[in-house]
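Within every chain, numbering begins at 1; the chains are lettered A, B, ... in the order of the sequence lines, protein sequences first and strands thereafter.
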Number of protein chains: 2
Amino acid sequence: MRHAVSQTDPAHQAATRRALLDAAADVFAEVGFRNATVRDICRRAGANVAAVNYHFGDKGALYTEVLTEQSRLAYVKYPNPVPVPGLTPEQRFQAFVRSFLQRVLSAELHARHGRIMAREMVEPTAALDRLVAEAIRPQAELLRGIITDLLKGRADAETTRLCGMSVVGQILFYCHCQPVLTRLFPGARFDDGELDRLTAHITAFSLAAIHGLAGQRQPADHAPTTLPPTAPQRRRPRSH
Amino acid sequence: MRHAVSQTDPAHQAATRRALLDAAADVFAEVGFRNATVRDICRRAGANVAAVNYHFGDKGALYTEVLTEQSRLAYVKYPNPVPVPGLTPEQRFQAFVRSFLQRVLSAELHARHGRIMAREMVEPTAALDRLVAEAIRPQAELLRGIITDLLKGRADAETTRLCGMSVVGQILFYCHCQPVLTRLFPGARFDDGELDRLTAHITAFSLAAIHGLAGQRQPADHAPTTLPPTAPQRRRPRSH
DNA sequence: TGACATTTCAAACACGCGTTTGAAATATCT
DNA sequence: AGATATTTCAAACGCGTGTTTGAAATGTCA
């Protein structure tokens, strides 16, 4: 080593940028875009107030970058189920619910993705359009395909769509209404520590509903409640 | 008549107060508490900037009053189903879903209640504790009772609770995720114009699910999809 | 070493916010 | 009519915000 890394060398520059992104993700998840202050973000990142404007242009550009990165991180860590040929629609459905809940509730990701998304839905910013196009719509299409298979052609497109929203509504509930839930059931937890329980319930509830709407008999247990999570979870490489 | 009502007479004072409450309800529903400005509220109410502080003390007290009033208005206009002895649990369930959707989506109430509640859940203010105690908890208890009857004692308390959250999650979805829905399905509407369709779907979906979890055969149609709304809708008297 | 580029920093700027103020306007009461 | 209380209003205050600025610090390279 030649000398200690000083404040203005490239390594430290990248570190400042990274620290800002991390601090901003926390702050935006905690209080939302409008209520977040640049001063708070910089303080947590150990940087000067002017750092955000220097590295990202303005507060809005920083938010967009945080949104994109957190979404990407969530999908990399908890990807959607890959369409393995042998799986039944019921198994694909359970895997879909589980990975969705993980992305939204994951403690390891500080539930950042879910919290930021919840705020973005109730109080959209300019970034929502891109988010819908790149993340939400593919997700909706994936679910629609699974539900179409589950219904075995016994329901029209409108019913299929409504079923999809019933499923997503159940999942997002634990993310959107967390403050109410903690007050309503002070002892209970509704985070990713309860992931298995929540996955099992939403899957059982929804499959019973969809099978019922399809006019089928309720099959006893062709949807195993235990299933390898979603896919081999690889960490993405550190480089960018 | 003696003379035109002037600015400082008691009638006009009450009118100013009322105009502030109305304008504030709109603004809080549109942009939330923190993003709402006293100046905007006063401008819409046709009042001076100082009017809020004079009539309510401060912005927070105005918000509390708006929250209370909008909640009361929603429940007065769309009350919970009264427990008529002759009704089946399925009928009570449908009535519960319908009145809940009405309160949250009602165009006549400008969807104020639903929008304000959605914001309060994602970004709670000091008023949330009282709201949970006075409005949300009784609502949860009512639903719990109906679901307990539907399950006919064939599920434990935990499952009952999870079923309740599945139902509420489906309902609130149309309120919380409106911005996403309009982008995802540009042609479709998810407001109280679709009340009958949404009520029918959520009821059918949830009853099929609950009956399935209770291990029952799926009864063909003991839950009529048409039902007198909730209760005779009386307007509350104008006096206060 | 000296010229140049990059990054950091303390300080300040411009603006919008909730709130306060003191006077003006009007109604009420004797 | 005169005194008093209530309500409205324009103006201002104090503060926090996102952003800008110009200099200082540090790196690179000839």
Side-chain angles (χ1 to χ4, degrees), chain A residues 1-28 30-67 123 125-127, chain B residues 1-28 30-67 123 125-127:
Chain A
M1 108 189 146
R2 301 247 303 283
H3 53 277
V5 175
S6 81
Q7 284 183 336
T8 61
D9 92 358
H12 196 271
Q13 168 211 358
T16 300
R17 221 187 116 88
R18 187 93 289 282
L20 284 171
L21 281 169
D22 283 331
D26 279 335
V27 175
F28 287 142
E30 284 170 23
V31 304
F33 173 71
R34 304 270 312 245
N35 298 334
T37 74
V38 172
R39 280 172 171 82
D40 185 22
I41 292 170
C42 291
R43 196 181 317 120
R44 297 202 202 188
N48 186 269
V49 218
V52 163
N53 299 82
Y54 178 77
H55 285 280
F56 299 93
D58 61 9
K59 181 187 172 186
L62 171 61
Y63 177 75
T64 302
E65 201 140 333
V66 166
L67 196 66
E123 193 163 306
T125 72
Chain B
M1 102 184 155
R2 302 247 303 282
H3 54 277
V5 174
S6 80
Q7 285 183 336
T8 59
D9 109 339
H12 196 272
Q13 167 212 358
T16 299
R17 223 187 114 88
R18 188 94 288 282
L20 285 172
L21 281 169
D22 283 332
D26 279 336
V27 176
F28 286 142
E30 284 170 24
V31 304
F33 173 70
R34 303 271 310 246
N35 299 334
T37 73
V38 172
R39 282 173 169 82
D40 185 22
I41 292 170
C42 291
R43 197 182 317 121
R44 298 203 204 188
N48 185 270
V49 218
V52 163
N53 296 277
Y54 179 77
H55 285 280
F56 298 93
D58 62 9
K59 182 187 172 187
L62 171 61
Y63 177 75
T64 302
E65 200 141 335
V66 166
L67 196 67
E123 193 162 305
T125 71

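- Considering only residues two or more places apart in sequence or on other chains, Val49(A) meets the side chain to side chain contact (heavy atoms under 4.5 Å, CB included) condition with Arg39(A).
- One atom, CG of Leu20(A), and another, P of dC9(C), lie 11 Å apart when rounded to the nearest Å.
- Rounding to whole angstrom units, CZ of residue Phe28(A) and C1' of dG18(D) are separated by 12 Å.
- Of the residues in residues 34-43 of chain B, Ala36(B), Thr37(B), Val38(B), Arg39(B) come within less than 4.0 Å of DNA chain C through at least one heavy atom, sorted by number.
- Here the nucleotide nearest the side chain of His55(A), chosen from dT8(C), dT7(D), dT19(D), is dT8(C).
- One atom, CG of Asn48(B), and another, C1' of dT20(C), lie 12 Å apart when rounded to the nearest Å.
- In this model, the phosphate group of dT8(D) is approached by a side-chain N or O of Thr16(B) to a distance below 4.0 Å at OP1 or OP2.
- As rounded to whole Å, 13 Å separates atom C1' of dT20(D) from atom CG of Asp58(A).
- The nearest whole Å value for the distance from the CZ atom in Phe56(A) to the P atom in dT7(C) is 12 Å.
- Every residue two or more places apart in sequence or in another chain that forms a side chain to side chain contact (heavy atoms under 4.5 Å, CB included) with Asp22(A) is listed here: Arg18(A), Arg112(A).
- Contacts classified as salt bridge (charged side-chain N to carboxylate O under 4.0 Å, His left out) and involving residues 46-64 of chain B (residues at least two apart or in different chains) are not found.
- The nearest whole Å value for the distance from the CZ atom in Phe33(B) to the C1' atom in dC17(C) is 12 Å.
- With sequence neighbours excluded, no residue satisfies ring pair (Phe, Tyr, Trp, His ring centres under 6.0 Å) with Phe56(B).
- The pair Glu65(B)-Arg17(B) counts as a salt bridge, with a side-chain nitrogen and a carboxylate oxygen less than 4.0 angstrom apart.
- Listed by chain and residue number, Ile41(A), Arg44(A), Ala45(A) satisfy the side chain to side chain contact (heavy atoms under 4.5 Å, CB included) test with Ala23(A) (two or more places apart in sequence, or in another chain).
- In this structure, Asn53(A) atom CG and dA14(C) atom C1' are separated by 14 Å, rounded to whole Å.
- Rounded to an integer number of Å, the gap from OH of Tyr54(A) to C1' of dC9(C) is 13 Å.
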